[in-house]
Amino acid sequence: MNIFLQEFKMNFKSVVTWSLSIAVFIMFYMGVYPTFAADAELINEMMANFPPELLMAFGMDQTDLSTVLGFFSFIFVLCQVMLAIQAANYGFSILSVEERDLTADFLLAKPVRRSRILTSKLLAALTGLTITNAVVWISSFTAVNLFRGERTFETQPFILLLLSIAVFQLVFLALGMFISLLVKKVRNVTPYSMGLAFGMYVLSAFGDMLGDAKLELITPFKHFEPHFIVNNGNYDLPLAYLSVSFIVVAIVGSYVLYSKRNIASAV
Amino acid sequence: MNIFLREVKSNFKSLLIWGVIVVLFISVGFSKFSAYADNPEMLAILDNLPPALLEAFNFDAFNLTTVTGFFGVMFSYFALLLSISAAMWGSDVISKEERDKTVEFALTLPVPRSRLVTAKTLAALVNCIGLNLITYGAILYSVGQYTPDADFYNFLSIGMLALFFMQLIFLAIGIFLGAAMKQYKRASSVAVSLLLGTYFLSILSDLNQDFEFIKYISPFKYFNPALILRDSGLDMNYVWLSLAIIVICIAGAHFTYSRRDLYI
């Protein structure tokens, strides 16, 4: 319990910063929606006359951005990028920070098993991520209802989108932690978390632009792709299970690796 | 000179990793492009469309059936990758001494602090140039089989120059943050949030005309591939703006670092 509290306290400021910036982001972008939707409807009418191949050549054959959910799913992708970076940050730093700051030998000298330490730390990070998750829920509901005006939207895909956040965060948290245990030493967390989160994002955005291929299937951004959820009102289940299996493998792997890890000490 | 060489050596591994990422990215991109290149169905439809319409959409710059359009579309992804790497290198190169507790040693060397900053800046610059050349080379290698015309090579080299300016901007911002931030641990996260912030702003300005002013704030808006292709050159206003940002940041880094209270 002590480890959990200490860990949570250390993370708290960062959780607040992330939550606030994502909330501001959602409010701000949804605020653009009313004026954008009016323009987009005009463009849609115009584009309806174009041959589909032309739209495909421009990568414009995607979701209709003039609808509430279409627009929301567009900003939700960017939201996912931030959530992924946050979760990956926590994942990479959760264990490596002790070794880098040479506090690991102090911590491991406590009469607690390593697996207990890992569990406490993991739960603390999860609590932080869940707070952010809750803030995203609240601000999404507020923003959408504030700015949708006369337009209506289906609640089910919207809820599904928001529900996907928890698994999405957990994937990046677990993968980050697992990778940090695979390498010898994590000097600076940011390059790792940026590499993981942004790399996955670019891979998936890139796939959207140029049609289907196999490689994109590994990115969690594809597993919970907002366009798919909005268009089909359901998850892409095989891919969603892939995310879940990533989580299981990474967490089990982390417990195994951490209990055997050789820890660098100060002296 | 010693500091410079040492820095270049210690940064080399990171350059290699980024190089591999960029090359992978380009090869994946071109394997997808092969499905679009000279796709007869698409070309037939394009031929039937009125030229004025194509003009209105900046069609040449984003037409996925040609290598030119392909590079135009890929430009923003390259911009992201290259500027992330530059921001990382910039913010890390100075602050890592404090993180690794080697700063006392580095500063007891008989060199003024500003020399240290200069040497480190140059070493990070070598990495940026290296990555830019790797990108350039990989694209040149991949387009070979499509036998592009001279216009494409012109567009590509000006585009790479634009990317280089963006790298320099984020490198300079990173270096300034690394030198000026009191909490050295924050430097890289602040640099990254600046980068993300300006990237998201550039998306916002595409959505709404009211946010036109963003084109001066976000470096991702400084160089537009459609305009590069049309004018076959860079917009000089933005070149001067970029240079101003770079000079101010580097000067600021020298100024703040020479009076910095070190965290030991």
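Below, read A as the first sequence line, B as the second, and so on, with proteins coming before strands; counting in each chain starts at 1.
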> Looking at CG of A:Asp101 and CZ of B:Arg99, how far apart are the two atoms once the value is rounded to the nearest 0.5 Å?
Replying inline: 11.0 Å

> Hey, does B:Asp100 have a side-chain heavy atom less than 4.5 Å from the side chain of A:Arg187?
Replying inline: yes

>> Counting only non-hydrogen atoms closer than 4.5 Å, does B:Leu196 touch chain A with its backbone (N, CA, C, O), its side chain (CB onward), both, or neither?
In response: side chain

> What heavy-atom pair brings A:Thr190 and B:Ser188 nearest, and what distance separates the two atoms?
Replying inline: OG1-OG, 2.9 Å

> Rounded to the nearest 0.5 Å, how far apart are CE of A:Met194 and CE of B:Met88?
Replying inline: 4.5 Å

>> Rounded to the nearest 0.5 Å, what separates atom OG in B:Ser193 from atom CD1 in A:Ile85?
In response: 9.0 Å

>> Going by the rule salt bridge (Lys or Arg N to Asp or Glu O under 4.0 Å), which residues pair with A:Arg151 if we only count those two or more places apart in sequence or in a different chain?
In response: A:Glu41

>> Measuring from atom OH of B:Tyr199 to atom CZ of A:Phe198, what distance do you get when rounded to the nearest 0.5 angstrom?
In response: 6.5 Å

> Quick one: what part of B:Phe25 sits under 4.5 Å from any heavy atom of chain A, side chain, backbone, both or neither?
Replying inline: both

> Should we count CZ of B:Phe105 as having more than 12 external heavy atoms under 6.0 Å?
Replying inline: no

>> For chain B, which candidate among A:Phe28, A:Tyr29, A:Phe36 shows the most heavy-atom pairs at distances under 4.5 Å?
In response: A:Tyr29

> Just how far is it from atom CG of A:Asn188 to atom CG of B:Asp92, taken to the nearest 0.5 Å?
Replying inline: 5.0 Å

